Amino acid sequence: DSGVTQTPKHLITATGQRVTLRCSPRSGDLSVYWYQQSLDQGLQFLIQYYNGEERAKGNILERFSAQQFPDLHSELNLSSLELGDSALYFCASSVYDRASAGNTIYFGEGSWLTVV
Amino acid sequence: AQTVTQSQPEMSVQEAETVTLSCTYDTSESDYYLFWYKQPPSRQMILVIRQEAYKQQNATENRFSVNFQKAAKSFSLKISDSQLGDAAMYFCAYGNKLVFGAGTILRVKS
């Protein structure tokens with residue numbers, strides 16, 4: 001158990017709909033990351049938040065948005081869903097290693113999204 | 001932009017034997033971090049090992065070790081005394097936000 005909690009674990013929805021994926025980071029971790037794993041695109045970094053502020057953006061579609069709340073949990077909102085959005089969405093959080101000045105990222109179990 | 005290449009889509013190893021998974025990367029940065037993650041059939045992403053680029057010593061975690069060649073931009077993972085539980089997809093990843101390779105499926109034969 002990595003300590004990163006994601007809900008829901010599975011979700012089936014129709015095209016055109018909107019869903020929200022929720023993530024609670026490990027205790028004490030300020031950074032939250034979202035990744036998408038699909039068959040055709042592999043594992044892709046979507047977006048990072050640090051202590052409530054957007055820190056970095058990857059290959060995130062304009063139909064997708066995220067936020068991190070004051071209690072550090074994060075939500076990924078996916079709207080106008082298309083069949084191609086079907087994927088495993090991971091949330092991850094990181095601890096900053098002062099000794100090496102780097103992050104180690106720990107993943108949640110993922111949320112399976114199926115768009116039909 | 002950084003890229004990570006895993007040239008072996010699939011590898012097989014006999015139980016108790018040693019296997020090496022390859023990874024190369026491209027970056028213009030001098031200080032960075034490299035990781036290997038394991039993804040078993042449960043699809044959970046599990047950190048296997050981490051290497052800081054400024055460290056010349058190769059990282060080791062029990063049966064897992066890396067061969068880090070900074071000049072060649074190579075970062076291979078060696079698994080010794082392979083066990084059935086090692087069967088999984090292995091991803092090489094670069095940097096603080098993680099740029100992933102395509103992955104290598106490792107099969108372990110009993």
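To find a chain, count down the sequence lines: A is the first, B the second, and so on, and within it residues start at 1. Just so you know, these numbers come straight off a predicted model, no measurement behind them.
Heavy atoms of A:Glu109 lying under 4.5 Å from chain B belong to its backbone as well as its side chain. Contact annotation for A:Leu43: both backbone and side-chain heavy atoms come within less than 4.5 Å of a heavy atom of chain B. Only the side chain of A:Gln37 comes within less than 4.5 Å of a heavy atom in chain B; its backbone stays farther off.
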Check the pair A:Ser2, B:Met45 against side-chain contact (heavy atoms from CB on, under 4.5 Å), reporting the backbone distance first and the verdict last. CA-CA 9 Å; A:Ser2 68; B:Met45 292 289 287; over 6 Å; no
Where do B:Leu98 and A:Tyr33 land on the side-chain contact (heavy atoms from CB on, under 4.5 Å) test, with the steps shown first? CA-CA 10 Å; B:Leu98 296 181; A:Tyr33 308 75; over 6 Å; no
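In A:Asp71, the CG atom is crowded: over 12 heavy atoms of neighbouring residues, nucleotides or ligands sit closer than 6.0 Å. Surrounding NZ of B:Lys73 are more than 12 heavy atoms belonging to other residues, nucleotides or ligands, all under 6.0 Å away. Around atom CD of B:Gln57, no more than 12 heavy atoms belonging to other residues, nucleotides or ligands sit under 6.0 Å away. In B:Ile46, the CD1 atom is crowded: over 12 heavy atoms of neighbouring residues, nucleotides or ligands sit closer than 6.0 Å. The environment of A:Glu62 atom CD is sparse: at most 12 non-hydrogen atoms of other residues, nucleotides or ligands sit within 6.0 angstrom. Around the CG atom of A:Leu39, the shell of radius 6.0 Å holds no more than 12 heavy atoms that belong to other residues, nucleotides or ligands.
For A:Phe107 and B:Tyr37, the distance between ring centers is under 6.0 angstrom.
What you find for A:Ala56 and B:Lys97 is that their closest heavy atoms are CB-CD, 3.2 Å.
Linking ILVMFWY residues whenever their side-chain heavy atoms come closer than 4.5 Å, directly or via other members, leaves B:Val99 and A:Tyr35 in distinct clusters.
To the nearest 0.5 angstrom, B:Phe35 atom CZ is 6.0 Å from A:Ile105 atom CD1.
A 4.5 Å side-chain heavy-atom check between A:Leu88 and B:Gln39 finds at least one atom pair inside the cut-off. Counting heavy atoms from C-beta outward, B:Phe100 and A:Phe45 have side chains that stay 4.5 Å or more apart.
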